[in-house]
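Notes follow the structure.
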Amino acid sequence: MRRTPDGAATPADRPETLADLLGGRRGAVDASLPPVAFGIGWLLGGHSLSAGVGAAVLTGAALAGWRLHRGDRPRSVLVGLLAVCVAAVVAVRTGRAEDFFLVQLLSNAASTLAWVVSIVVRWPLLGVVVGAVLGQRTRWRRDRALLRAYGRGSWVWAVSYVLRVAVFLPLWLGGQVVALTVARVALSWPLVAAVLAVSWVVVRRSLPAGHPGLRHPVVPAAAAAEPAEK
C-alpha cells in the first residue's frame, strides 16, 4: 500500500492520480465553507455585513480547530484561516459585502499569470508542485517527455483560473453577493476535482508508451551523472 499526502492508503497495483498526490479536493471543500457561511449570515442578517463576516470567521475558526485536532499541518491550517480573516477585514474596511470575495478574485488573477508564465519559461507549476511532493527537486525537468507533459497539464490549471476570473469579475462589479457565494462553491471543489482529473489524463496521454511514470523521471545518462542540484 502507498500513502497519499493526506495519509490515505492507495492500492500498490493502482496507478496514483494527481488527486492522490496533491489531495486538492479536500482543501477546496474546506475553503468553500467560510464563504458559504458568509453568504448565509449576510442573508439571514438582513444583508448585514457584520453578520456575514461573523459567520465566516466563526466557521473558519471552527474548521481550523477541527483540522488541527485531526493532525493536519498547522501552517496550512493557519494559512486558510488567515485568508478568511483578510477577506473579512477587506469587506469591513470598504463596507461592501461583495468585497469579501475580492481577495479570491485577485488571487485567481495572480494565479492565472503565474501559471501561464511558468509554462512559457518551461518551469510548469504542475511539475514544480508534484516534483516537490515526490521529493524530486528539479530532476523531473531533465526528462523532456515529463517536462512537456507537465507543461500541457499546467494549461488545464491556467484555464481554470481564467474561468474563475471571468465569472467572479462581472458578479463582483455588479455587487451580486448571493451569486458570488454560489459561484465560489461551484468553482471550488467541483472545478478542482475536474481539473485534477483532466490534467491527469493530459499528463498521462502526453507521456510516451513505456514511460515509467511521474515517480520515475527518465534522466539522460550524462545528466544523471551530474551532481544533484542544491
Side-chain angles (χ1 to χ4, degrees), residues 4-6 15-36 39 76 79-80 83 87 98-134 136 138 140-141 143-174 176 178-208 211 213-214 217:
T4 70
D6 291 338
E16 289 176 296
T17 66
L18 290 177
D20 293 331
L21 292 172
L22 304 180
R25 284 178 290 190
R26 191 188 69 173
V29 171
D30 290 353
S32 67
L33 294 180
V36 169
S76 63
V79 168
E98 60 268 29
D99 284 350
F100 181 83
F101 301 89
L102 181 57
V103 173
Q104 181 70 20
L105 172 60
L106 295 177
S107 68
N108 278 283
S111 294
T112 299
L113 180 61
W115 280 84
V116 171
V117 170
S118 77
I119 298 168
V120 172
V121 300
R122 296 177 61 80
W123 276 90
L125 282 177
L126 185 58
V128 173
V129 174
V130 174
V133 170
L134 297 179
Q136 295 172 344
T138 61
W140 57 272
R141 289 195 75 246
D143 183 338
R144 293 184 179 181
L146 198 52
L147 176 61
R148 180 175 61 252
Y150 279 139
R152 293 174 179 176
S154 291
W155 278 116
V156 179
W157 288 84
V159 169
S160 73
Y161 289 112
V162 171
L163 175 62
R164 288 191 180 103
V165 172
V167 172
F168 288 146
L169 183 57
L171 295 178
W172 175 75
L173 290 174
Q176 302 296 316
V178 174
L180 281 166
T181 302
V182 173
R184 181 69 176 81
V185 176
L187 297 178
S188 58
W189 65 267
L191 181 59
V192 170
V195 171
L196 283 168
V198 173
S199 59
W200 170 245
V201 171
V202 170
V203 169
R204 290 298 301 170
R205 290 188 175 181
S206 297
L207 294 175
H211 192 282
L214 307 187

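Side-chain atoms are counted along with the backbone in the values below, which use heavy atoms only and exclude waters and symmetry mates.
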Next item on the list: Enter the distance from Ser154:OG to Ile119:CD1 here, rounded to the nearest 0.5 Å.
Entry: 5.0 Å
Next item on the list: Could you tell me whether a side-chain N or O of Gln176 sits under 3.5 Å from a main-chain N or O of Gly174, the two making a donor and an acceptor?
Entry: yes
Note to self: I'd like to check Asn108 versus Val162 (side-chain heavy atoms, cut-off strictly below 4.5 Å). Are they in contact?
What the structure shows: no
Notebook entry, point to check: Are Pro124 and Leu147 close enough that some pair of their side-chain heavy atoms sits under 4.5 Å apart?
Noted result: yes
Next item on the list: Answer with yes or no after comparing the ring centroid distance for Trp140 and Tyr150 against a 6.0 Å cut-off, counting only values under it.
Entry: yes
Notebook entry, point to check: In terms of side-chain heavy atoms, does Trp189 have a donor or acceptor partner in Ser32 at a distance below 3.5 Å?
Noted result: no
Notebook entry, point to check: Going by heavy atoms in the side chains, are Arg152 and Arg205 under 4.5 Å from each other?
Noted result: no
Checklist line | Distance, nearest 0.5 Å, that separates CG of Leu180 from CZ of Phe168 | finding: 7.0 Å
Check: Do Trp157 and Leu196 have side-chain heavy atoms sitting under 4.5 Å apart?
Finding: yes
Notebook entry, point to check: Checking side chain to side chain contact (heavy atoms under 4.5 Å, CB included) for the pair Leu214/Val203: CA distance, chi angles, key distance, verdict?
Noted result: CA-CA 9 Å; Leu214 307 187; Val203 169; 3.8 Å; yes
Next item on the list: State the CZ-CG distance between Arg184 and Leu33, to the nearest 0.5 angstrom.
Entry: 10.0 Å
Checklist line | Contact summary for Thr181 and Phe101, nearest pair of heavy atoms | finding: OG1-CZ, 3.4 Å
Next item on the list: Sort out for me which residue in Trp200, Trp155, Trp115 forms a side chain to side chain contact (heavy atoms under 4.5 Å, CB included) with Leu126.
Entry: Trp115
Next item on the list: Output yes when a side-chain donor or acceptor of Arg148 lies under 3.5 Å from a complementary backbone atom of Leu207, and no otherwise.
Entry: no
Margin query: Please give me the minimum heavy-atom distance between Trp172 and Glu98, naming the atom from each residue.
Written below: CD1-O, 3.3 Å
Notebook entry, point to check: Within 45° of the ring axis of Tyr161 and under 6.0 Å from its six-membered ring centre, is that where the NZ or CZ of Arg164 lies?
Noted result: yes
Item checked: Validation row: Pro217, Gln136 side chains within 4.5 angstrom (heavy atoms) -> yes
Margin query: If you define the side chain from C-beta out and look only at heavy atoms, does anything of His211 sit under 4.5 Å from Asp143?
Written below: yes
